[in-house]
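Only one structure is covered here, and it is reproduced in the block below.
As a basis for the values below, the full set of heavy atoms in this structure was taken, side chains included, without hydrogen atoms, waters or symmetry mates. Numbering of ligands and ligand atoms starts at 1, following listing order.
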Amino acid sequence: MSAAGSPFGAWLDTDLEVARLIVEEFDRQTSTLQLIASENFTSPAVLAATGSVLTNKYSEGYPGARYYGGNRVIDEVEDLARERAKALFGAEHANVQPHSGASANLAAYQALLEPGDTVLAMRLDQGGHLTHGSPASITSKIWRFVGYGVTPASDDPDAPGEVIDFDQVRDLAKSEQPKLIVAGSTAYARVIDPEPFRQIADEVGAWLMFDAAHPAGLIAGGAHPSPVGFADVVTFTTHKTLRGPRSGAILTSVELAKKIDSAIFPGLQGGPLEHVIAAKAVAFAEAARPEFSSYAAAVVANAKAFAAALGEEGLRLVSGGTDNHMVLVDLRSFDPELTGKAAQEVLDRSGITCNRNTIPDDPRSPFVTSGLRLGTAAETTAGMGEAEMVRIAELIGRTLRGRDDPDALAAVRAEVAALCAAFPPYPGLVGST
Ligand SMILES: *Cc1c(COP(=O)(O)O)cnc(C)c1O
């Protein structure tokens, strides 16, 4: 395999080891199905900004108030990103410096809380994120987290359950008197309505933070309700449904702007990644275009078609379906012996990339699990539609049924490769072939 001749190799001919790995990863991303719900394919413009000379500049501080000289251009870059983020989401203030979703969340906590304060957030085993108070996360060492969950599953097809239990949220808010309530999840296939969270926060005098890491692109594209105007602080990642570079951002009011800004710098981070901030500016502008609304609608329509087809294969859908870009499946209905870990591994052999995930009240450990989380954001970017989602569900069914049959897996792998070749996410770019 040669990296020379590849657009990735052009500037990396001094380090063919790394160049070769980048090309190898390009090949992997474009010849297997990318169904990890938190991933996407950025535009070439986002890639270009991320790979630019802006990485060379130190710019601690904020536009107009930097600690080092030479930031005239950088100030314009960061102002552009902030203005575009504000316009895209209709927010009063944006901080585009968080290195990631986790940094954005830590900064929001630091801005609103004192150590030891109580926070009410979604339980990890019900779909909450590590930064929502996992024992393994520093968040649980600094603040006291109390967790809410989803309603029990039911056999009634009209009310399948496994949706956020707002009665429980209200009861816990009243009994625990949190200073902050966190809405948002990393494994929840339904709309998260900010309004009932706001009501409950008001009833107990708590701040409301909405962690929109997953649905940020669906919100920007108008497919999901916006938490701006309901939540005091909105944190999000820019690389999931929003389709920008791997990073984070925070939206808030003019009133809280100073607190949030100082929590990021100097509170939590040093110099901002201005090359990534430029790439965020590119992504915000892309997400403001009408095509992006069509994209967000297609992501949701694809997930619905995918969920229905996975149901046909005998997989039970957590909460009975989906409203967003992800599908959570319970493998126990398919085969009580099949774990999420085993399913993820055999799907990898078929070229179908996804992740195992705990499902509500999962009897297995988070390392093994009884579920899978699958997302449509990336392959919708590559141009796939509902027909392809139905096809992928069939390929998943064949893989899981044929998991002990190498010939069956090889046949699926070949069909996956052909499908990926028909929907290249970067049509102008070639990898090793
Ligand atoms: C992905 C995610 C994060 C963290 O984002 P990173 O960029 O990986 O740090 C935070 N909260 C939720 C709900 C997420 O899904």
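Checking only distances, Ser247 never comes within under 3.5 Å of ligand 1, N or O to N or O. The shortest N/O to N/O separation between His132 and ligand 1 does not fall below 3.5 Å. For ligand 1, the polar-atom distance check finds no N/O of Thr131 at less than 3.5 Å from any of the ligand's N/O atoms. Residue Gly101 has at least one nitrogen or oxygen atom sitting less than 3.5 Å from a nitrogen or oxygen atom of ligand 1, judged on distance alone.
Less than 4.0 angstrom separates atom 7 (O) of ligand 1 from at least one non-hydrogen atom of the protein.
Only one option out of Trp207, Phe210, Tyr148, Phe230 pairs with Phe197 in a ring pair (Phe, Tyr, Trp, His ring centres under 6.0 Å); it is Tyr148.
One side chain, Ser103 or Ser100, offers a donor N or O that lies under 3.5 Å from an acceptor on the other. With no hydrogens or angles considered, no side-chain donor-acceptor pair links Thr151 and Asp165 at under 3.5 Å. Side chains of Glu25 and Gln29: a donor on one and an acceptor on the other come within 3.5 Å. Side-chain atoms of Glu92 and Ser253 form no donor-acceptor pair, as typed in the model, at a separation below 3.5 Å. When only modelled atom types and interatomic distance are considered, His93 and Asp261 share a side-chain donor-acceptor pair under 3.5 Å.
The contact set between ligand 1 and His214, taken as ligand atoms under 4.0 Å from a residue heavy atom, comprises 15 (O). Which parts of ligand 1 touch His239 is read off a 4.0 Å heavy-atom cut-off, strictly below it: atoms 7 (O). Of all atoms in ligand 1, listed by their number and element, those nearer than 4.0 Å to a heavy atom of Ser100 are 7 (O), 9 (O). Residue Thr237 approaches ligand 1 through these ligand atoms, each under 4.0 Å from one of its heavy atoms: 5 (O), 7 (O).
Between Asp75 and Arg66 there is a side-chain heavy-atom pair separated by less than 4.5 Å. You'll find the side chain of Ile219 reaches within 4.5 Å of the side chain of Phe89, heavy atoms only.
With a 4.0 Å cut-off on non-hydrogen atoms, Asn105 touches ligand 1 through its side chain and not its backbone. By the criterion of a heavy-atom distance under 4.0 Å, the side chain of Ala213, and not its backbone, is placed next to ligand 1.
Rounded to the nearest 0.5 Å, atoms CD (Gln97) and CD (Glu60) are 9.5 Å apart.
For Ser185, the closest heavy-atom approach to ligand 1 falls below 4.0 Å. Proximity of Arg246 to ligand 1 is not established, as no heavy-atom distance is less than 4.0 Å.
Nearest to atom 14 (C) of ligand 1 among the protein's heavy atoms is Lys240 NZ, 3.0 Å. Nearest to atom 9 (O) of ligand 1 among the protein's heavy atoms is Ala102 N, 2.8 Å. Annotation: atom 3 (C) of ligand 1 to nearest protein heavy atom, His129 NE2, 3.3 Å. Considering only non-hydrogen protein atoms, atom 13 (C) of ligand 1 sits nearest to Asp211 OD2, 3.2 Å.
Under the 6.0 Å distance and 45° angle rule, Arg356 counts as a cation-pi partner of Phe367.
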Practice prompt. Apply side chain to side chain donor-acceptor pair (under 3.5 Å) to the pair Asn357 and Thr369, showing each step before the final yes or no.
Written response: CA-CA 6 Å; Asn357 219 101; Thr369 84; over 6 Å; no
